[in-house]
Amino acid sequence: ITVRNAYQALVSEGLLVPGPRGYSVKGYSHEGLLTVDGFTRGAKDKELLQTSVLDISQIPADLDTIKALNCGVDDTILRITRLRMISGQPYQLEHCHVVEKRFPGLADEKDLSSLYNIFDTRFKVSVVRAEQILSVKKPDQETRELLKLDNRATILFLKRTSYDQRNTPVEYVDLLI
C-alpha cells in the first residue's frame, strides 16, 4: 500500500481530515507530533496531552528488534507500552523498545511521558533522526478497546527506529494511530 492510499483510506473512514497544512485527527492538528521531536516535545499545547504508561517489561530481543537496534541476541530489551491522549481522547498506542544496558534505570523513572527528554537530560543521548515504515492495518481487539475504535476501523501503523547524534539506534517503536 502506498502512503497516498493509506492517507486516503483514513480520510475515507473519517479519521483524517485534509487541510491546508497537512491532516487533522479528530479535530486536532497533528503537525509536529510525528516529527523527530516526538509526541510530547513536538506538541504546541502540552496541556492537551496525556500519557498513560500501560506496561514496562524486560523481554528477550527478537529478530526485528536485533536488526533495528543493532543489538545482540543476549541483550535484554526494555519494552515500554504507552497510551497517548489528546484532550482525554486516545490518539496513539506505542510499544517502545530500548536496549536496557544502554539506559540503566530507565524503568524506574517517575515520569515516562517524554522518553526523548529523559534520553537527552539523563543519558546525554539526543535523537536526531528516524526511519519509519508506514502502513494501514486492522487493529486487534485490545488496540480497538484502548483507542476506543469500532470493529470496522483501520489504523495507521508505523515502525520507527530513532538514531542519536552518533547514528546509533536509540529506540525501536511500534506506533498505532
Side-chain angles (χ1 to χ4, degrees), residues 25-26 28-72 74-135 137 139-140 142-143 146-148 155-177:
V25 178
K26 296 182 184 175
Y28 185 89
S29 171
H30 70 268
E31 183 179 318
L33 293 181
L34 296 176
T35 66
V36 78
D37 280 339
F39 182 82
T40 307
R41 293 194 328 187
K44 292 178 181 145
D45 193 352
K46 293 182 180 21
E47 291 79 38
L48 298 176
L49 306 181
Q50 299 94 35
T51 298
S52 179
V53 177
L54 304 178
D55 184 54
I56 302 173
S57 305
Q58 292 177 327
I59 61 171
D62 63 16
L63 187 57
D64 286 342
T65 307
I66 290 168
K67 286 180 183 178
L69 293 177
N70 194 28
C71 64
D74 293 332
D75 282 323
T76 299
I77 302 301
L78 186 65
R79 181 180 61 206
I80 302 169
T81 301
R82 300 182 295 176
L83 179 64
R84 306 300 205 129
M85 294 166 281
I86 299 174
S87 299
Q89 297 299 311
Y91 175 77
Q92 70 186 31
L93 178 64
E94 67 178 44
H95 306 280
C96 177
H97 305 81
V98 298
V99 179
E100 187 175 40
K101 69 183 177 189
R102 182 160 189 210
F103 301 104
L106 180 62
D108 300 326
E109 286 285 332
K110 291 180 183 174
D111 182 7
L112 292 171
S113 61
S114 177
L115 292 178
Y116 286 11
N117 281 340
I118 295 169
F119 295 156
D120 217 11
T121 57
R122 182 170 169 199
F123 299 101
K124 307 301 181 221
V125 172
S126 297
V127 174
V128 296
R129 74 177 188 89
E131 295 175 359
Q132 49 190 26
I133 298 169
L134 175 96
S135 61
K137 69 184 239 177
D140 61 24
E142 179 184 19
T143 302
L146 288 169
L147 294 177
K148 298 182 181 174
I155 56 172
L156 199 58
F157 179 63
L158 291 93
K159 283 188 169 288
R160 180 181 66 226
T161 303
S162 302
Y163 298 86
D164 68 11
Q165 63 274 27
R166 293 182 185 89
N167 207 34
T168 303
V170 174
E171 65 169 352
Y172 174 58
V173 180
D174 292 331
L175 190 63
L176 303 128
I177 301 174

Using every non-hydrogen atom in the two residues, find where [X] and [Y] come nearest and quote the distance to one decimal.
X	Y	value
D75	G72	OD2-N, 2.7 Å
L69	E171	CD2-C, 3.6 Å
L112	V53	CB-CG2, 3.9 Å
V127	F119	CG2-CD1, 4.3 Å
N70	P169	CB-CG, 4.1 Å
S162	Y116	OG-OH, 2.9 Å

R102 and D164: side-chain contact (heavy atoms from CB on, under 4.5 Å), yes or no, with the steps? CA-CA 12 Å; R102 182 160 189 210; D164 68 11; 2.4 Å; yes
Student check: side-chain heavy atoms of [X] and [Y] closer than 4.5 Å:
X	Y	result
P139	F157	no
L147	L83	yes
I177	I155	no
L93	L54	yes

side-chain contact (heavy atoms from CB on, under 4.5 Å) for L176 and L156? Distances and angles first, verdict last. CA-CA 6 Å; L176 303 128; L156 199 58; over 6 Å; no
Separation between [atom1] of [X] and [atom2] of [Y], rounded to the nearest 0.5 Å:
X	Y	atom1	atom2	result
L158	S135	CG	OG	7.5 Å
S87	Q50	OG	CD	7.0 Å
R79	H95	CZ	NE2	7.5 Å
L146	D140	CG	CG	9.0 Å
I56	L106	CD1	CG	7.5 Å
L134	R160	CG	CZ	12.0 Å

Row check, Y91 ring normal vs R84 NZ/CZ: under 6.0 Å, within 45°: no
Under the criterion side-chain contact (heavy atoms from CB on, under 4.5 Å), I'd like the reasoning laid out for N117 against D111: C-alpha separation, chi angles, the key distance, then a yes or no. CA-CA 10 Å; N117 281 340; D111 182 7; over 6 Å; no
Can I118 and F103 be said to form a side-chain contact (heavy atoms from CB on, under 4.5 Å), step by step? CA-CA 10 Å; I118 295 169; F103 301 104; over 6 Å; no
Students often mix this up, so state it plainly: with edges at 30° and 60°, are the rings of H97 and Y172 parallel, tilted or perpendicular? tilted
